[in-house]
Amino acid sequence: MNDQSSEDGMAEVKDVVILGSGPAGLTAAIYTARATLAPLILEGDGDPTGDQPGGQLMLTTEVENYPGFPDGVLGPDLMQEFRKQAEKFGAEIVSGGAVRVDLGQRPFAVWNGSGGNDPVRARAVIVATGAHAIRLGVPGEERLVGHGVSTCATCDGFFFRDQDIAMVGGGDSALEEAIFLTRFARSVTVIHRRNELRASRIMQARARANDKISFLLESRVVEVLGGSAVSGVRVENVLTGENATLDITGLFVAIGHEPNTSIFKGQLDMDDRGYILTKPDSSLTSVAGIFACGDVQDRIYKQAITAAGSGCMAALDAERWLRETS
Ligand code: NAP
């Protein structure tokens with residue numbers, strides 16, 4: 001199989017095109033490459049509301065719960081190893097990411113951000129485009145992104161040396177990133193909308209034991225203040241409605257993620273939050289020949305290891321489907 005010219009003169013038809021290069025996409029690449037399907041991986045361009053090259057582990061520091069690394073491993077280092085392993089078996093990785101798909105055509109057509117007008121053609125497509133960080137959607141936030149507002153502590157923490165900053169969110173991400181930020185910042189105020197944190201006990205214990213971290217609970221940020229850079233946030237107490245200003249120069253937001261599925265709207269079945277629906281115990285989507293894996297179809301677990309496992313499932317499903325249909 002592999003690359004072939006089709007009868008109507010199309011340049012090249014790949015057996016498998018994989019959209020996304022995080023743990024799910026690269027695991028699918030390792031498996032399909034070992035099955036001699038010569039997968040082409042289209043990886044995102046780092047747009048903050050889209051598919052991140054290497055996936056979200058590129059935005060983390062130490063990963064302590066990925067099996068096989070008892071001393072932990074840096075997220076970017078782990079992804080570098082995934083990539084090397086995929087390339088070793090012949091996977092080709094191209095940057096640019098998918099910007100449009102036509103899943104009504106056979107072979108499927110995928111337009112790559114840096115590929116011009118001609119689509120890539122594929123018999124099977126594995127969707128592993130992941131998810132991106134949600135923003136608060138309050139006045140001042142969008143304008144001050146990159147000027148004190150960030151969704152990536154590991155990318156931007158360094159810029160806040162000896163400053164007073166805040167982190168919004170009560171989950172594991174918010175606390176893990178708040179702890180990381182104390183390496184640089186003078187103080188980190190965790191702002192959370194309830195009086196109970198969602199994060200795991202171990203993470204809560206670590207955050208509470210950190211002298212630089214304080215908590216502002218039952219509070220929500222209603223405005224980010226500042227002209228050319230963040231100078232504070234206006235915070236509302238959710239019980240009393242009272243407003244107060246917190247003087248900070250950096251605002252980090254870690255309130256969850258949403259799937260990168262906009263280009264599949266109307267073509268693949270999704271749930272009300274935009275996650276691609278897969279058939280039970282499989283990676284099969286509503287379109288035969290299209291498979292989904294990783295955070296793009298995972299509303300619940302969202303772990304690197306579960307993404308990798310589902311990437312393996314998608315590769316095996318795609319391999320079987322190609323065998324049965326060609
Ligand atoms: P999450 O668990 O969904 O937590 C999101 C937090 O943001 C919640 O506390 C939520 O508040 C808050 N929130 C949501 N929308 C908000 C809004 N509009 N305004 C203000 N606050 C808002 O997300 P996550 O922390 O990114 O974690 C995702 C998954 O990855 C979890 O399963 C987590 O355990 C895992 N994870 C694990 C580790 C680790 O083990 N080292 C590290 C990071 C993440 P409510 O609590 O009120 O809903």
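Ligands are counted one by one from 1 in listed order, and the atoms in each one are counted from 1 as well.
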Would you tell me whether S95 and E43 have side-chain atoms, one donor and one acceptor, within less than 3.5 Å of each other? no
Given R135, which partner from the list E258, E142, E141 fulfils the side chain to side chain donor-acceptor pair (under 3.5 Å) test? E142
Validation: residues 225-234 side-chain donor-acceptor distances under 3.5 Å, sequence neighbours left out:
unit_1, atom_1, unit_2, atom_2, d
R234, NE, E223, OE1, 3.2
R234, NH1, N243, OD1, 2.2
R234, NH2, E223, OE1, 3.3

N/O donor-acceptor pair under 3.5 Å between [X] side chain and [Y] backbone:
X	Y	answer
T285	I290	yes
Q163	F159	yes
Q267	L103	yes

List, for ligand 1, each N/O atom that has a protein N/O partner under 3.5 Å away, with both atom names and the distance.
unit_1, atom_1, unit_2, atom_2, d
ligand 1, 9 (O), G170, N, 3.0
ligand 1, 9 (O), G171, N, 3.4
ligand 1, 11 (O), R193, NE, 3.2
ligand 1, 11 (O), R193, NH2, 3.4
ligand 1, 25 (O), D172, N, 3.3
ligand 1, 25 (O), S173, N, 3.0
ligand 1, 25 (O), S173, OG, 3.2
ligand 1, 26 (O), S173, OG, 2.7
ligand 1, 34 (O), D172, OD2, 2.6
ligand 1, 41 (N), E176, OE2, 2.9
ligand 1, 46 (O), R194, NE, 3.4
ligand 1, 46 (O), R194, NH2, 2.8
ligand 1, 46 (O), R198, NE, 2.9
ligand 1, 46 (O), R198, NH2, 3.4
ligand 1, 47 (O), R193, NE, 3.0
ligand 1, 47 (O), R194, NE, 2.7
ligand 1, 48 (O), R193, NH2, 3.1
ligand 1, 48 (O), R198, NE, 3.3
ligand 1, 48 (O), R198, NH2, 2.7

